[in-house]
Amino acid sequence: MEENQKTPTHRPEPDVANSIPPQYDCGCLFSGSDNALYERHLLFDNVLASSEIGNRERYEAVAHSVRDILSQRWEKTEEIYDRENPKLIGYLSMEFLIGRSLSNNIVNLGLDRLARRFFHEHQLDELALLSEEPDAGLGNGGLGRLAACFLESMATMQLPGMGYGLRYEYGMFKQSIVDGWQREQPDNWLRRPDPWEVARPHLAVPVELGCSFEVREGSLRAIAGVPSSLLGIPYDRPVVGYGGKNINTLRLWASATPHVFDFQEFSAGDFVGALAERLTAETVTRVLYPDDSTSMGQGLRFVQEYFLVACSLADLVRRFQKNNSSWDDLPEKVAIQLNDTHPSLAVAELMRILLDVAKLDWERSWDITKRTLAYTNHTLLPEALEKWPLRWFELMLPRHLQIILEIDRRLGEEVQTRWPGDNGRIERIAIVEQGSHLVRMAHLAIAGSHSTNGVAEIHSNLLRNVTVSDLAELYPDRFNNKTNGVTPRRWLLLSNPGLAECISEAIGDRWKTDATDLKHLKSLADDSGFTSAVQTAKRRAKVRFADWLKAQAGIQVDPDTIFDSQVKRIHEYKRQFLNGLRIVALYHRLRQNPDLDTPPRTFFFAGKAAPAYHAAKLIIKFLNNLAATIDGDPLVRGRLRVVFLPDYCVSLAEQLIPASDVSNQISTAGYEASGTSNMKFMMNGALTIGTRDGATIEMAEAAGEENFFLFGLTADQVAKSRGWYSPGWHYEHEAEIRAVLDMIFSGEFSRNEPAVTDAMRNILLLGGDTYMHLADFTSYMEADSRLQSLYREPEAWHRKAILNIAASGRFSSDRTIGEYARDIWEVRPCPVPSN
Ligand SMILES: *Cc1c(COP(=O)(O)O)cnc(C)c1O
């Protein structure tokens, strides 16, 4: 097959030396001589006989060579920031879903052509070598991936920004599917040394706690009244901006005990005791909590959150004090962004530093704290809003508790002054919830910062008008919106080189750093030459994905079918069940009428369920059962196919999204804060079938609703029909819903597994259908029919695809970061000059 060939390089090889950013001298990597970086690393780093060298060693040697090339620039960035003393952004996040770094760093350093030639000359299998790098999966999903996109945009825009997170020894669990069910395995991503991290033990930070801990029977227990301390060791990772000009830092903290060897205890003979304590301390950053949109309220998580805050603030304050003398300048020199409430203890910690260390009075401390901190809300789901027991503060952070109670007291006074006697309002606004003795972390974050933003227009409005309306009324000026974005470097340039090249040939390559330039594609939507180029690029991406899937998992899919994807965390509100119902309906139609003329389709699902979230695990089981049943039915062979791809991660997203024709964004309206995979699909020319939720609303507005397949209840309609909504009504009155549900309930997809069908009946029918699957089913099917008809007209389909790409520029994280920089942080670029 012609499409099966590797993407040819259309253009003549450019003068290689001219394509490297001038500030780099990297001929040495590729010279092939004996002392080239790569050869040296390969030979000396592992002390292995050449016969024992495999792809892993080759990957490490290339990664170390690339790191050598960027290291001077990385140091220089630090040096310039130190000298120029610009305002610095500290982006605090419990999650950074980084994915792989080697290919990204090669592209952002402008080394891709050289690297390709190098791989060719050394007869290295590029793909095999790149996939030796484990995904850095230090996040659950969208929130962590957003943090990673943001760091990349800051570096590209030459903004002095520093990411702060935790160096989890075990990241997001590995998912496998056994008998249709999800299995979790630990993700030991640091089993082999990571070439991208640099430990900086000389910058270690002590963290004091009001109690001690022991690990007993696998869980962390507090020992009251015995203060203890931990040590935060920073591990730095380079964040390479596109063009390789500024290289910022992601600093991840690992926990340890301050006294690695306690000689006192040694001399007393307690050798084991001394080492056992070390074990406890390291437990703190052992593992990432795999709960998305849920707060499990576990003690270790609380310690993790404080540990991140204490280490990061100490580090930011140390940097500040190096070049500044007055504490009053802190808000002019540091902007701290809290990615969700997870790091919101920063409010109390910064107050503690200003009151107890800097010895400022309350008013001054409070003013500085608020002007330095800003908070991003990510979800309205009540189960995700963090609340911590007062008791834990008493135990672990007694001084912080005093401060929080004083903040709360003053907040109450403020409300009392403005709305005298309105005790209900005081209660609703209070940081410490009456009765439950829980500390509402979102309230602390809002009260203690100057900015609270949601992540899409609809979400920011709901946050302000519903979720925390009382606080919004008290502090209207603090509330604002920053619609999310994704970096076009990773999500288009790197993951879809064929389409990227096709775009650059049409409009030049300014879009890579100014995605609004993509708008110039609009006038090419009717250009048959360009349309067919885009069509060819999509077809190649599909073939490439099919080949990859065959090689990876032995699964064969047909690129001549519609690739229809829903990839994201598995959650009831994201409604993978609804998608499943659609597929059952299409299957049912074919069974009723085998001659039905419908375009052949492949449905892809991928996503992980929180290990304790039973309904989400049931969704996975159902989808796998559905896939197996349809696979086993010769009647629909070649016409319908369902594939559940295990272990969703950034690398899988990079493979699947460019190959997708259809993007499913079908959450119950009002529940998806923004979504970001919706944007990745749009940039890659997939058409969206979706509800009016999150950023999808703004995407459709940008591209024109006629270029989207929107359906279903609006957030307003969802809220208004809550009271009387009855799934039973739909079951009784809508024939196709009844047919679909009866088919499922009959055990057609889960023979001998009555528990599965019973649970589904409970969720979708008897239990009230909280996420209103049945309310939106019929309009989903209608939108799907419109989509099928359009697919029969390739010209019209690709025209819409181009109009989508052309309108996707607004959803670059560069735009988002530009808005944060201007409206919240008030920071300016600090360019690192060329040599
Ligand atoms: C983009 C991304 C997400 C977020 O997906 P949503 O559909 O916005 O929830 C989650 N996981 C990975 C690996 C991603 O790349």
Side-chain angles (χ1 to χ4, degrees), residues 93 95-100 104 134-152 171-175 187 189 288 290-294 339-340 378-379 381 384 455-456 458-459 483-492 494-496 565-576 578-579 604-610 616 619 645-660 662-668 671-684 686 688-691 693-699 808 811-813 816:
S93 179
E95 303 190 9
F96 287 91
L97 193 49
I98 302 164
R100 292 187 177 134
N104 187 244
D135 263 48
L138 309 183
N140 276 277
L143 174 145
R145 185 52 233 175
L146 184 80
C149 282
F150 277 7
L151 293 189
E152 198 268 358
M172 191 57 193
F173 65 81
K174 293 271 169 216
Q175 178 197 56
D187 163 41
W189 72 296
L288 166 75
D291 305 289
D292 189 67
S293 309
T294 321
N339 195 25
D340 215 330
H378 279 274
T379 175
L381 296 178
V455 289
I458 182 180
H459 165 69
T483 300
N484 284 165
V486 299
T487 166
R489 270 76 62 184
R490 183 178 289 264
W491 295 109
L492 181 49
L494 174 62
S495 62
N496 199 345
S565 305
Q566 186 176 16
V567 290
K568 48 183 76 239
R569 284 301 291 247
I570 308 290
H571 203 290
E572 287 168 281
Y573 86 77
K574 291 178 182 277
R575 294 201 297 193
Q576 282 92 355
L578 181 58
N579 195 347
F604 292 101
F605 290 92
K608 294 174 185 175
I619 295 174
L645 303 161
D647 202 38
Y648 187 49
C649 60
V650 171
S651 295
L652 176 52
E654 287 172 21
Q655 294 289 337
L656 177 63
I657 291 173
S660 297
V662 179
S663 158
N664 282 267
Q665 306 297 337
I666 58 175
S667 51
T668 316
Y671 283 84
E672 187 72 89
S674 161
T676 48
S677 79
N678 45 4
M679 302 166 183
K680 301 167 194 163
F681 279 105
M682 187 190 196
M683 270 180 195
N684 283 277
T688 303
I689 182 166
T691 46
D693 202 13
T696 302
I697 299 174
E698 291 159 66
M699 287 161 43
S808 69
F811 305 98
S812 160
S813 43
T816 316

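Atoms within a ligand are numbered from 1 in the order they appear, just like the ligands themselves.
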Original post:
Do the side-chain N and O atoms of E672 and Y573 include a donor-acceptor pair separated by under 3.5 angstrom?
Top reply: yes
Original post:
Where is the tightest heavy-atom contact between H571 and D292, given as atom of each residue plus distance?
Top reply: CD2-O, 4.2 Å
Original post:
Any chance the side chains of N579 and Q566 put a donor and an acceptor closer than 3.5 Å?
Top reply: yes
**OP:** Could you check if a side-chain atom of S495 sits within less than 4.5 angstrom of a side-chain atom of I657, using non-hydrogen atoms only?
**Re:** no
**OP:** Return yes or no for this condition: an N or O of N140 is under 3.5 Å from an N or O of ligand 1.
**Re:** no
Original post:
Going by heavy atoms, is K574 under 4.0 Å from ligand 1?
Top reply: yes
**OP:** Would you mind checking which non-hydrogen protein atom is closest to atom 11 (N) of ligand 1, with the distance to 0.1 Å?
**Re:** Y648 CE2, 3.5 Å
Original post:
Between S674 and ligand 1, which part of the residue brings a heavy atom under 4.0 Å of the ligand: side chain, backbone, both or neither?
Top reply: neither
Original post:
Between M682, K680, M679, which is the residue that forms a side chain to side chain contact (heavy atoms under 4.5 Å, CB included) with S808?
Top reply: M682
**OP:** Would you check, one step at a time, whether the test side chain to side chain contact (heavy atoms under 4.5 Å, CB included) holds for D647 with K608?
**Re:** CA-CA 7 Å; D647 202 38; K608 294 174 185 175; 3.0 Å; yes
Original post:
Hey, which atoms in ligand 1 end up nearer than 4.0 Å to a heavy atom of G141?
Top reply: 10 (C), 11 (N)
Original post:
For atom 6 (P) of ligand 1, which protein heavy atom lies nearest, and how many Å away is it?
Top reply: S677 OG, 3.6 Å
Original post:
How close do H459 and T379 get, heavy atom to heavy atom, and via which atoms?
Top reply: CE1-N, 3.9 Å
**OP:** Give the atoms of ligand 1, by number and element, whose distance to some non-hydrogen atom of G675 is under 4.0 Å.
**Re:** 8 (O)
**OP:** Could you tell me whether R145 and ligand 1 have an N or O pair separated by under 3.5 Å?
**Re:** no
Original post:
Does the N or O separation between K680 and ligand 1 drop below 3.5 Å for any pair?
Top reply: yes
**OP:** Return the residue, atom name and 0.1 Å-rounded distance of the protein heavy atom closest to atom 8 (O) of ligand 1.
**Re:** T676 N, 2.7 Å
Original post:
How far apart are the C-alpha atoms of R489 and E152, what are their side-chain angles, what is the distance that settles it, and do they pass the salt bridge (Lys or Arg N to Asp or Glu O under 4.0 Å) test?
Top reply: CA-CA 9 Å; R489 270 76 62 184; E152 198 268 358; 2.8 Å; yes
Original post:
For ligand 1, is W491 a contact, meaning one of its heavy atoms is under 4.0 Å away?
Top reply: yes
